[in-house]
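Have a look at the structure below, then the notes.
Every value quoted in this text rests on a predicted model; they were computed, and no experiment measured them.
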Amino acid sequence: MRIREHIPRGVRTGLRRTVVVALLALVAFMGGVATTALWPVQTQTRYFTADVSVEPRLDSTVQLPTVVGDVILTFDGLLPAPGLTAQVQVRDEVTDLLRTGRLNSADLQPHPDELRAAIDSGVAEVAWKFAAGAMGTTLLALLAYAVARPRHAGHVVLISGLATALALAGPGAAAYLTYRTANVTEFRATSLLSLVQTNRGILDDLSRKADQGAIYVTNLLALSDAVRQEFNPDAETAPAAARFLLVSDIHGLNQYPLMRAIIATEGIDAVIDTGDLINFGEPAEGDLTDIYSGIESLGVPYIFVSGNHDALSLTDDAMLRRMARVPGVLLVEPTAGTFQRIDVNGVSISGFNDHRYFNQRDEDFADQQVKAARAFTEATAGSPPTDLVLTHEPYAANRVRATLVTINGHMHVQALNNEHIQLGSFTGGGLVNQFRIPPLTDEAREAAKEDPATAGELVGHPYSFDILTVGQDCSVTSLTRYNYRNLVSGRPQFDDISIINGRTLQASTPLDRTCGRDLGVQVSDLAQAQPVTP
């Protein structure tokens, strides 16, 4: 009571009304959300229909859940916008295709103008339904309060109007400024829908084999592909100067046949491997598993920095010398303190090896990474930063600078931190880091929903790889991130694919430069420094 007495009455009244306005604005917002959930907005194209509603989350995402996977679009705007969800269904009109006996992706994919018209009309209707729900909710609150306190009706009208305006203006402005094609930062497809990203021909394959059951899967895949092209057009149309397959932490498991298939399918110009190719620091391990012949079979440059499992001591360079004899392998630090610049189609690459080694103990690993990063930075101070800088461990990668991005592995988990790309493990960490799940009983398998075909699968970290695309202006166009499973059983299946907009990654945009496949591959000396000491 004493504190209240010292606060002027006008201030107390103002604070009380501010709290009331804020609460009413929240009530109005939830009323708008509830309205779009109870009465979703329906928008449609010739063969698809979608029920769109506003979600009570400020994550600037649009989600399209389907029975075969989800499409998730993430936007980066000035303000966090309310999330949108669209439940996609196939319209009855699709049966016209069955009657005519024709079913192909060209018929199923919405025309860009048709898709934009459906999006525009859906957004407009969502906006006015949300507004109606917000105003209706505050009106009910106004009536309830007016009945209880009729003498304050005038103040209630003013406060309710202000709260409604805030509830509409805030989310409305955020949605208007955020949900634009130019603001898309990531397109993500999960489960079966992700197959579209790696095999565009799947639409035609399904078309030729379609029956009454497959028709719905085919339609949903076609819609996913059309939405992806609408919201990430640069990844589809911009000519690529270079495409890099990014892998790391193979740990002795020879999966180069799979890598060859990726290179051929995706038009890869070079492979970048950020280390831990083997497990125990002995080059003979790679001979036992035919890793070196697998690398040679790829037919593209293989750019390599060593990891903490690729040596037995700080001065051990046996693995680097063995890799130097493999045709196609290019080393950014072939000997300690000697750095090379590798240009692939005009994209410049440098980096430094991990100075940790297998079974190293009782060391300040963080300090060691700082020293390695400092040695590289000091040695290359007289040269412009390269577009890509590679190393094995993130602690060192975060302490060097690149024109576009730095790339590291080591953690076996994909991550992004501004212009720093962390790779996962191409082989899930290899057999040494895997463990076998015993086959379950029939009852336990049914309860766990285990696939009998993969019972006893070797499991560990997720298998993953990235594809980095650089455009002809030497800037990053996109980063496509793949996660998959069932590798060891020989039946790799993609689980999740994300396409990251390149403009959100690179440290800066190169000026007055041109990259292209006619420039080829060049290797030159970058700098020389004193070897790092413990």
Side-chain angles (χ1 to χ4, degrees), residues 73 76 105-106 109 111-113 115-116 180-189 194 196-204 224-247 259-272 298-303 330 341-349 385-388 402-405 407 416 419 421 465-482 497-522:
L73 293 164
D76 180 18
S105 58
Q109 290 183 351
H111 188 274
D113 293 339
L115 186 60
R116 290 191 190 100
R180 297 171 179 263
T181 302
N183 291 338
V184 175
T185 59
E186 179 180 358
F187 172 96
R188 182 180 177 191
S194 65
V196 176
Q197 310 295 334
T198 55
N199 185 5
R200 299 290 298 277
I202 192 171
L203 296 171
D204 295 328
S224 168
D225 201 36
V227 172
R228 177 171 59 88
Q229 293 181 50
E230 169 67 16
F231 283 99
N232 196 29
D234 291 343
E236 296 293 323
T237 60
R243 285 171 62 78
F244 298 96
L245 173 61
L246 310 182
V247 300
M259 199 179 292
R260 281 200 305 271
I262 296 169
I263 290 170
T265 301
E266 299 295 332
I268 299 299
D269 296 288
V271 176
I272 291 175
L298 299 179
V300 296
Y302 193 92
I303 303 167
L330 302 174
R341 167 177 168 148
I342 301 168
D343 288 84
V344 178
N345 301 348
V347 181
S348 57
I349 304 166
T386 55
D387 297 320
L388 311 179
T403 303
L404 297 180
V405 294
I407 303 172
L416 287 176
E419 66 270 21
I421 298 174
F465 63 89
D466 293 12
I467 294 178
L468 183 73
T469 302
V470 178
Q472 293 184 348
D473 63 350
C474 301
S475 65
V476 177
T477 301
S478 65
L479 176 71
T480 307
R481 320 208 79 174
Y482 296 75
I497 292 177
S498 299
I499 302 176
I500 313 298
N501 194 326
R503 67 175 177 79
T504 66
L505 297 175
Q506 56 203 21
S508 61
T509 301
L511 300 176
D512 301 324
R513 286 181 54 195
T514 301
C515 293
R517 289 192 163 101
D518 58 321
L519 297 177
V521 179
Q522 300 178 15

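From Asn345, atom CG reaches atom CD of Gln522 across 10.0 Å, with rounding to the nearest 0.5 Å. Taking CD1 of Ile349 as the reference point, atom CD1 of Ile272 lies at 4.5 Å (rounded to 0.5 Å). Rounded to the nearest 0.5 angstrom, Thr185 OG1 and Ile500 CD1 are separated by 7.0 Å. Going from atom OG1 of Thr514 over to atom CG of Leu519 covers 8.5 Å, rounded to the nearest 0.5 Å.
Inspection of the Ser348 and Asp387 side chains reveals an N or O donor paired with an N or O acceptor under 3.5 Å.
A heavy-atom distance below 4.5 Å is not found between the side chains of Leu404 and Leu468. Taking 4.5 Å as the limit, some side-chain heavy atom of Thr480 sits within range of a side-chain heavy atom of Ile499. Between Phe244 and Val347 the shortest side-chain heavy-atom distance falls below 4.5 Å. Residues Leu245 and Glu266 are not in side-chain contact: their nearest non-hydrogen atoms beyond the backbone lie 4.5 Å or more apart. When side chains are defined from C-beta on, Leu330 does not count as touching Val344, because their heavy atoms never get closer than 4.5 Å. Counting heavy atoms from C-beta outward, Ile421 and Leu416 have side chains that approach closer than 4.5 Å. Residues Ser478 and Thr469 form a side-chain contact, since some pair of their non-hydrogen atoms from C-beta on lies under 4.5 Å apart.
Of all heavy-atom pairs between Thr477 and Val470, the closest is OG1-C, 4.0 Å. Scanning all heavy atoms of the two residues, the minimum distance from Ala241 to Arg517 falls at O-CG, 3.3 Å. The minimum heavy-atom distance linking Val405 with Gln506 is given by the pair CG1-CA, 4.2 Å.
A donor-acceptor pair is defined here as one N or O able to donate and one able to accept, closer than 3.5 Å; such a pair exists between the side chain of Arg513 and the backbone of Gly346. Under a 3.5 Å cut-off, the side chain of Asp466 and the backbone N or O of Arg481 do not form any donor-acceptor pair.
In this structure Arg260 satisfies the salt bridge (charged side-chain N to carboxylate O under 4.0 Å, His left out) test with no other residue, sequence neighbours excluded.
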